[in-house]
2 protein chains.
Amino acid sequence: MKSTINDVAAKAGVSIKTVSRVINNEPSVRPATRKKVMDAVAELHYQPNLAARNLAGTRSYTIALIYDNPNAYYVIDMQNGILEACKARGYELLIHPSNSKSETVNDELRALVEHSKVAGVVLTPPFSETQSVIDEVKKLGLDYVRIVSSQAAQGDEDNCIQVDDSEAAFEITKHLIEHGHRRIGFLCGGEEHVSTHGRLEGYRQALQQAGIAIDQSLIVPGEYAFDSGVEGAKALLQLDNPPTAIFASNDEMAAGALFAARLMHIEIPEQLSIVGFEDSPFSRQTWPKLTTAHQPNNEIAKCAAALVLNKARSKGAAESASAAKDAGITKKFVPELLVRDSSGDAPSP
Amino acid sequence: MKSTINDVAAKAGVSIKTVSRVINNEPSVRPATRKKVMDAVAELHYQPNLAARNLAGTRSYTIALIYDNPNAYYVIDMQNGILEACKARGYELLIHPSNSKSETVNDELRALVEHSKVAGVVLTPPFSETQSVIDEVKKLGLDYVRIVSSQAAQGDEDNCIQVDDSEAAFEITKHLIEHGHRRIGFLCGGEEHVSTHGRLEGYRQALQQAGIAIDQSLIVPGEYAFDSGVEGAKALLQLDNPPTAIFASNDEMAAGALFAARLMHIEIPEQLSIVGFEDSPFSRQTWPKLTTAHQPNNEIAKCAAALVLNKARSKGAAESASAAKDAGITKKFVPELLVRDSSGDAPSP
DNA sequence: AAGGTAAATGACAACGCTGTCATATGCTGC
DNA sequence: GCAGCATATGACAGCGTTGTCATTTACCTT
C-alpha cells in the first residue's frame, strides 16, 4: 500500500526526477507529462516520505511553533490552526513549548535548527515581541512569522500577522462609555506583552475622544492571570472613588475581577460592568457571561502558518509573483466586540 | 557546529557503525570503546539526525498523540507531559487531533503510519476506549499506550495507564455523605467516555456503603460540556424533591451547575453543594472555587509516553529485563479529593 | 601452544528523496 | 529541412543513519 516515488515513476512511465519535479511544482515539465504523473500519484495515493525529503533536500518540510504557556485555550486554538495549514501542505509541525522568563530560548532555538532542519517558525507572544529572540531567528536565517499586536509590527509587516488590539480596545471602551460609564478601570496584562499596551492605548484614545480625563489611579498592573485580576479589581474597588466599569486585558483577568466583585458583594452588571478580551470558551462559562472582544486565534494561527509555509516554499523553485501567492491570507485582524451579560448601563449616582 | 556520526567516529577512532551501536545502547561494545565514543559524542555535542534515523532504520523515532478536543486544559497538559518524555529520549512527537465522532479515524491512523513511520501511539479518551480504534492500532502493529479509566483496562493492563475514576468518585461522594448529604445528584459525561461510567460506579458504591438507596431520577445525562452541566443541574433542581448536592462528572459541567444554581438564586454551598472532577485550572477560577478531584494529567501523560517509548525501544536491541525498565512509571493513578469552597454541610431541613 | 568459540568491530548497501549536471526532445527561423 | 536554442527529461550521487554480514580480536579449553 505504501508507495514510493519509484512506483509512481514506473506507473507514469517517467523518471523519478520528473515525478519529484511535479510534486514540488517545479517548472520545466510539460503539461501532458505533469498530468500523467499526477494521475499516477492519485491512483497510488502516493505521499512523499518526509524523512527522506528532509534528509535529501536543502529545504525542509518542518516548521516549528514556539510558545510559552500563558493560557491553554490560546495555545490549543493556535496549534490546531497551524496543524491544519501544515497538513494541507504536507508539512510537519515541531512543537516547542518554552519559557519566556528563562534566558535559554535562543539556545533552544539554535538546537532546534541544528538538530532538525527547520524551514520556518511561528512565533507567538511574548516571543514574537522579544527583540533578542527575533534577532536570533534572523541570524539563523529562518523564515519566520510573528503573531503580534499591531504596535510591534512596525517595519516588519511582511513577517507579521497583526492583531489590532488598540482598535478593538477602543471599541470596547466606547461601548462602556456609551453606556454611561465615566470612571473605567483598566487591568493591565504582563508588561512583556505588547498586546496589553495596545489595549491600554485603545482605552486611552476612547476616553480622550469622549473628553474624559485619564485617571492614572484607575490603571492597575497585572499578569494576564486570574489571581492578578482578583487583586487588581480589589484594588480598584477599594478606591475612594471606585470605577463603575472594569476593562480587563483578558478574559482570565476579567474572571478574576468577577470573583473579586463577588467577594465584595457587588452585583454585576447592575453595580459594576466588567469586560474581558479574547473570547476564550472560558468567557462563556462565567456568571454572568463576559462581554469581550472575539479574537479568532485559530484563524490567526492558520494565516501565520500559511504565510511561513509560503515563504519557505518560495525559497525553493522559482514561483509565481509573491504578491499573488499570499492570496487568502489575512494579515491584520481586529477582534470584534461581543456584548454579553457582564456589562450594562452605569449605575445612577 | 552540527556534527555527524562521521565526525564522532573519526574523533573516537572507531567506525561509524560502532558509534551507532553506542548511541543505540546495543550490546557487544567493550566498555573502553563505549567510553571513547561517549566522550567524543559529548565533546562534539553530537545529536543523531532524526530524519536519517527514520529513513534508514526499521524502528522509528517518532510517536504520535491522538486526541479529540474535549477540553483545552486536558489536551495541553497531556501534550506537555508527552513532549517532555519525548525530548528526554530524543524522540519526536506527531500531533494528530481527530474527531471521535467521525468514522475516518482508522483511515487517518493508517495514513499516519504509512506516511511517516511511527513507532507508537498514545491514545487518549475517547479513542483509547474505542474498540475499533484499538483493533486498528493492533492490526497496524503499532506499539501503543492507552490512557484509560481503570474499567477499560481489563486484559490489556500492559498497554494502559489507568486512572481509577471509581475510587476517586467514591471518595468524593463519601465526602458529600459525611457532610450530611443524602440526596446527591449525578451529572453524567458523554456516554462514549468510560471515565464517566467509572465515576458513576464510585458514586453508586459510596451511596450503597452508606445505606442510601440509588434514586435513578438523580442521575442525569450530559456531555462533559458546560451547557449540558447547566441543563442537567436545572433538571435536578426542578425536581419535586431536589438533591442537596450535585456531583458533576467534570469541572466544566460543575461550572455549568454553578451557573444554573445562580440562575435559580440558589446559594452555593449553603443551599447546595457542587463538586467537579479533574482539577483543571478552571476549577479555581469559578465562584465559589470548586471542590474536585485532582487528576495529574501532565504526569499521567508523561508516564504514558515513557511507556510507549520503552516498548518501541525494546523492540530494537535486546534489552535488560522488561520488568526493570519500566521503573518509575506509575501505571495507575487515583485522583485525590481536593476540598475547596463549593461543597459544605447539607442544609438542615 | 594450538584450536575453537564467542564477542567486538567494520565494510558496505540501503532507506526515499533531492540537487547537479548531462542528455534528449521539441521549436524557432532561415 | 537543418542548424541553433530553449525546454524537458533522466542518470547518478549523496543526505546521515541503520541493518546485514563478513571479518577481526579476545578469551577459553585442552
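Here is how names work: the chains are called A, B, and so on, in the same order as the sequence lines, proteins then strands, and each is numbered from 1.
- No donor-acceptor contact under 3.5 angstrom links the side chains of A:T62 and A:E92, judged on distance only.
- Listed pair A:Y46 / C:dC17 meets the phosphate criterion, a side-chain N or O lying under 4.0 Å from OP1 or OP2.
- Contacts of A:D135 classified as salt bridge (Lys or Arg N to Asp or Glu O under 4.0 Å), with partners at least two apart in sequence or in another chain: none.
- Remark: P of C:dT18 and NZ of A:K117 are 11 Å apart, rounded to the nearest angstrom.
- Between B:L123 atom CG and B:E129 atom CD the span is 10.0 Å, to the nearest 0.5 Å.
- Put simply, CD1 on A:I16 is 11 Å from P on C:dG16, counting in whole angstrom units.
- Distances from the side chain of B:L55 to the nucleotides C:dC17, C:dT20, C:dC15 place C:dC15 closest.
- When each of C:dT9, C:dG26, C:dT18 is scored by its nearest atom to the side-chain atoms of A:R30, the top-ranked nucleotide is C:dG26.
- A:D39 and A:K35 are joined by a salt bridge, as a carboxylate oxygen and a charged side-chain nitrogen come within less than 4.0 angstrom of each other.
- When rounded to the nearest whole Å, the span between CD of B:E26 and C1' of C:dA7 equals 14 Å.
- Close to C:dT18, at under 4.0 Å from its OP1 or OP2, lies a side-chain N or O of A:N24.
- Considering only side-chain N and O atoms, A:T4 lies nowhere under 4.0 angstrom from the phosphate OP1 or OP2 of C:dG16.
- Per the geometry, CG belonging to A:L50 stands 13 Å off C1' belonging to C:dT18, to the nearest Å.
- Counted by atom type alone, B:E157 and B:Q162 present zero donor-acceptor pairs between their side chains at under 3.5 Å.
- Rounded to whole Å, the distance from NZ on B:K17 to P on C:dA14 is 16 Å.
- From the 5' end on, the contacts that DNA chain D makes with chain A at under 4.0 Å to a non-hydrogen atom open and close at D:dA8 to D:dG16.
- Inspection of the A:T130 and A:S132 side chains reveals no N or O donor paired with an N or O acceptor under 3.5 Å.
- The C1' atoms of five pairs define one axis at each end of the helix from C:dA1-D:dT30 to C:dC30-D:dG1, and these two axes lie 30° apart (to 10°).
- Residue B:Y61 contributes atom OH, which lies 18 Å from atom P of C:dC15 at whole-angstrom precision.
- Aromatic ring centres of A:Y73 and B:Y73: separated by under 6.0 Å.
- Of the side-chain N and O atoms in A:R53, none sit less than 4.0 angstrom from OP1 or OP2 of C:dC17.
- Phosphate proximity of C:dT9 to B:S15: absent, as no side-chain N or O sits under 4.0 Å from OP1 or OP2.
- At a threshold of 4.0 Å, the pair A:R110-A:E136 counts as salt-bridged, since one of the basic side-chain nitrogens sits closer than that to a carboxylate oxygen.
- Side-chain polar atoms of A:Y61 and A:N54 form no donor-acceptor pair below 3.5 angstrom.
- Comparing A:A52 and A:R21 against DNA chain D, the residue whose closest nucleotide sits nearer the 5' end is A:R21.
- Considering only the side chain of B:T18, C:dG10 comes nearest among C:dG10, C:dA7, C:dG19.
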Original post:
Step by step, would you call A:E84 with A:K87 a salt bridge (Lys or Arg N to Asp or Glu O under 4.0 Å)?
Top reply: CA-CA 5 Å; A:E84 279 177 54; A:K87 200 172 294 179; over 6 Å; no
